[in-house]
Amino acid sequence: MKRILLMVLRNLWFVPYGWFKLCYTAVHVEKYTEEERYQVLKMIDRRANIGGRITIDAYGVENIPKQDGFMFFPNHQGLYDVLAIIEVCPRPFSVVMKKEVANVPFLKQVFACMKAISLDRNDLRQGLQVIKQVAEEVKKGRNYLIFAEGTRSRKGNQLLDFKGGSFKSAVKAQCPIVPVALIDSYKSFDTNSIKKLTVQVHFLEPIPYEEYQGMKTTEIAAMVKGRIEDTIRQYEGNTVEA
């Protein structure tokens, strides 16, 4: 967590305003449009990244669907993952988060601004409700992000198995699936390093519903995981840390 302290120390002049703006927006989400809330997050995220000596290299931004109502499925490396994507993604999105991180300071306010949905992985009934809620919101034009591994891999750029159940909302919504490959995101918050760092975010070509229609969710999970792994193998090592 040394990098979080660095972010604060190098933004002392900005922290009071940024923290007030974030907290106020999080408490009064209904006063702002989704785009307005997202721009607040991008502003704060950008300042934090500059202070934390983190650069985000984005690839494939043109692959993000022009029409809202799609779902991101990235690999999950650490607490920084969502912030890395916010920095470079021009389109607002929400997330399904595990309840264990719902009260982590700063992330709590970020997720509130995104109107994120908390998931209790031990409550099957609540899980089914989340699947239905996400599908309905995506059909109405909201964009969502789900970590199909279910938890941080804790293996650097290596992936855990993608869970088929994570794709049920996409199937119900019949929406495009956008695989996202994260490289070296774990080095931001999940190590004690404060060296200059480049994190890669790769937005892969969207998978339209027609391509995965009729597939089992476990097959969809394996397909998405495979595409992300192929990208990581191709680009891993093209980062800067000094």
Side-chain angles (χ1 to χ4, degrees), residues 34-35 38 57-77 81-82 84-98 114-117 119 121 124 126-151 153 157-183 185 200-236:
E34 187 162 45
E35 177 63 32
Y38 191 63
D57 280 353
Y59 302 81
V61 176
E62 69 278 4
N63 289 327
I64 299 174
K66 300 297 185 293
Q67 182 175 346
D68 289 326
F70 57 84
M71 296 185 69
F72 289 128
F73 286 91
N75 54 311
H76 195 10
Q77 296 195 345
D81 295 346
V82 171
I85 296 172
I86 288 175
E87 165 78 14
V88 294
C89 179
R91 307 289 286 283
F93 63 92
S94 188
V95 301
V96 175
M97 62 177 179
K98 58 184 180 181
M114 302 176 83
K115 288 190 174 181
I117 298 176
L119 173 65
R121 293 175 294 179
L124 180 59
Q126 194 255 353
L128 294 174
Q129 292 174 343
V130 168
I131 291 171
K132 181 179 179 181
Q133 181 180 348
V134 171
E136 290 176 350
E137 292 193 19
V138 171
K139 285 180 180 178
K140 294 177 181 178
R142 292 198 80 205
N143 309 313
Y144 265 87
L145 180 152
I146 291 180
F147 291 110
E149 290 163 287
T151 189
S153 71
N157 291 320
Q158 297 182 45
L159 277 61
L160 300 176
D161 287 336
F162 277 32
K163 302 180 185 299
S166 301
F167 294 86
K168 289 182 177 180
S169 292
V171 172
K172 285 182 176 295
Q174 300 183 9
C175 69
I177 289 172
V178 184
V180 182
L182 298 173
I183 300 177
S185 179
Q200 297 182 47
V201 179
H202 297 258
F203 299 99
L204 309 187
E205 290 188 10
I207 305 170
Y209 176 67
E210 292 73 20
E211 186 173 338
Y212 66 84
Q213 183 180 11
M215 294 175 62
K216 296 179 180 177
T217 54
T218 52
E219 295 172 334
I220 300 171
M223 175 176 63
V224 172
K225 178 188 177 185
R227 295 187 184 188
I228 292 173
E229 285 181 323
D230 288 345
T231 301
I232 291 176
R233 278 194 293 266
Q234 180 180 354
Y235 287 92
E236 187 177 10

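For the single chain, residues carry numbers from 1 onward in sequence order.
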By the salt bridge (Lys or Arg N to Asp or Glu O under 4.0 Å) test, which pairs, at least two apart or in different chains, include something from residues 86-97?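 Qualifying pairs, neighbours excluded: Asp68-Arg91.
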Determine which pairs satisfy salt bridge (Lys or Arg N to Asp or Glu O under 4.0 Å) with at least one residue from residues 206-217, sequence neighbours left out, and list them in order.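 Qualifying pairs, neighbours excluded: Glu211-Arg227.
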Evaluation steps, side-chain hydrogen bond (donor to acceptor under 3.5 Å, both in side chains), between Gln133 and Gln129: CA-CA 6 Å; Gln133 181 180 348; Gln129 292 174 343; over 6 Å; no
Can you sort out the partners of Ala221 under side-chain contact (heavy atoms from CB on, under 4.5 Å), two or more places apart, ordered by chain and number?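 If we apply the side-chain contact (heavy atoms from CB on, under 4.5 Å) test to Ala221, skipping adjacent residues, the hits are Phe162, Phe167.
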Which residues pass the side-chain contact (heavy atoms from CB on, under 4.5 Å) test with Ser94, not counting sequence neighbours?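 Only Met114, Ala116, Arg142, Tyr144 meet the side-chain contact (heavy atoms from CB on, under 4.5 Å) criterion with Ser94.
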Is it the case that atom [atom1] in [X] sees more than 12 heavy atoms from other parts of the structure closer than 6.0 Å?
X	atom1	value
Lys225	NZ	yes
Gln67	CD	no
Lys98	NZ	yes

Mind telling me whether Phe147 and His76 have parallel, tilted or perpendicular rings, with 30° and 60° as the class edges?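 Ring orientation, 0 to 90° scale: parallel.
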Taking Asn63 for its side chain and Pro206 for its backbone only, find out whether a donor-acceptor pair lies under 3.5 Å.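 It does not hold such a pair.
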Donor-acceptor pair, distance only, cut-off 3.5 Å: does the side chain of Asn143 make one with the backbone of Gly69?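 Checking the backbone N and O of Gly69 against the side chain of Asn143, a donor-acceptor pair under 3.5 Å is found.
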Phe72 ring center within less than 6.0 Å of Phe203 ring center: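 Aromatic pair counts; centres sit under 6.0 Å.
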Can you list the residues that meet the ring pair (Phe, Tyr, Trp, His ring centres under 6.0 Å) rule with Tyr212, with sequence neighbours excluded?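 By the ring pair (Phe, Tyr, Trp, His ring centres under 6.0 Å) rule, Tyr212 matches Tyr209.
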Quick one: does Ile85's side chain get under 4.5 Å of Leu182's, heavy atoms only?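 Yes. Closest side-chain heavy atoms under 4.5 Å.
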So, using salt bridge (Lys or Arg N to Asp or Glu O under 4.0 Å) as the criterion, who are the partners of Glu219 when residues are at least two apart?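 Checked Glu219 against salt bridge (Lys or Arg N to Asp or Glu O under 4.0 Å); zero matches.
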Test side-chain contact (heavy atoms from CB on, under 4.5 Å) on Ser153 and Leu160; report intermediate values, then the result. CA-CA 6 Å; Ser153 71; Leu160 300 176; 3.8 Å; yes
